[in-house]
Amino acid sequence: MKLAEALPELVSDMENALLQLGRGDLLSQVKAASLERWTYDDFSDTAYLYLSTEPIERVKLEIFSLYDECGVNLETDGRGRLCGLEILDGKRVTSRL
């Protein structure tokens, strides 16, 4: 399932925030991202969306915080590939997944 199909409002919010932060290079990855699976932590009300089944270089993960803009942290691997999203206030999206 495409992330943009499942959560179009969130993708739109992330696109706007990435442009404002000068990270337009991640826009095409966000638009094309496929949702592989997701987890939810009820205690912290945080959802994590896994966007890739390819091996991820965990040693060099980079996190881009879009917390103020849309309550999301984006993770990229050592090659700059988008691999996951941490969504704070996660209950707002899990009902749509």
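Throughout, residue positions are numbered sequentially from 1 according to the sequence presented.
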Determine the minimum heavy-atom distance between [X] and [Y], stating which atoms define it.
{"X": "Lys31", "Y": "Ala4", "answer": "O-CB, 4.1 Å"}
{"X": "Gly24", "Y": "Leu19", "answer": "CA-CD2, 4.3 Å"}
{"X": "Ala47", "Y": "Val93", "answer": "CB-CG2, 4.3 Å"}
{"X": "Ala6", "Y": "Met1", "answer": "CB-SD, 3.2 Å"}
{"X": "Ser34", "Y": "Lys2", "answer": "OG-NZ, 3.7 Å"}
{"X": "Leu66", "Y": "Ala17", "answer": "CD2-CB, 3.9 Å"}

Under the rule for side-chain hydrogen bond (donor to acceptor under 3.5 Å, both in side chains), what residues qualify as partners of [X], not counting sequence neighbours?
{"X": "Ser12", "answer": "none"}
{"X": "Tyr40", "answer": "Asp45"}
{"X": "Arg96", "answer": "Glu9"}

Would you say that [X] contacts [Y] through its side chain, given a criterion of any heavy-atom pair below 4.5 Å between the two side chains?
{"X": "Val72", "Y": "Asp13", "answer": "no"}
{"X": "Tyr48", "Y": "Asp41", "answer": "no"}
{"X": "Leu85", "Y": "Val30", "answer": "no"}
{"X": "Leu7", "Y": "Leu35", "answer": "no"}
{"X": "Met14", "Y": "Leu26", "answer": "no"}

Requested in this report: With sequence neighbours excluded, give me every side chain to side chain donor-acceptor pair (under 3.5 Å) pair touching residues 14-23.
Outcome: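 Applying side chain to side chain donor-acceptor pair (under 3.5 Å) to every pair that reaches into residues 14-23, excluding sequence neighbours, yields Arg23-Asp25.
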Rounded to the nearest 0.5 Å, what separation is found between the [atom1] atom of [X] and the [atom2] atom of [Y]?
{"X": "Leu51", "Y": "Glu75", "atom1": "CG", "atom2": "CD", "value": "9.5 Å"}
{"X": "Leu49", "Y": "Glu36", "atom1": "CG", "atom2": "CD", "value": "11.5 Å"}
{"X": "Ile87", "Y": "Thr94", "atom1": "CD1", "atom2": "OG1", "value": "9.0 Å"}
{"X": "Leu61", "Y": "Asp77", "atom1": "CG", "atom2": "CG", "value": "7.0 Å"}
{"X": "Leu18", "Y": "Cys70", "atom1": "CG", "atom2": "SG", "value": "7.5 Å"}
{"X": "Thr39", "Y": "Glu86", "atom1": "OG1", "atom2": "CD", "value": "9.5 Å"}

**Report entry** Members sharing Tyr67's hydrophobic cluster (side chains within less than 4.5 Å)
**Finding:**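 Besides Tyr67, the hydrophobic cluster comprises Leu88, listed by chain and residue number.
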Report task. Please name all residues satisfying salt bridge (charged side-chain N to carboxylate O under 4.0 Å, His left out) with Lys91, sequence neighbours left out, ordered by chain then number. Result ->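 For Lys91 the salt bridge (charged side-chain N to carboxylate O under 4.0 Å, His left out) partners, ignoring immediate neighbours, are Asp42.
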Report task. Look only at the side chain of Gln29 and the backbone of Leu82, and say whether a donor-acceptor pair between them is shorter than 3.5 Å. Result ->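 Pair found, side chain donor or acceptor close to backbone of Leu82.
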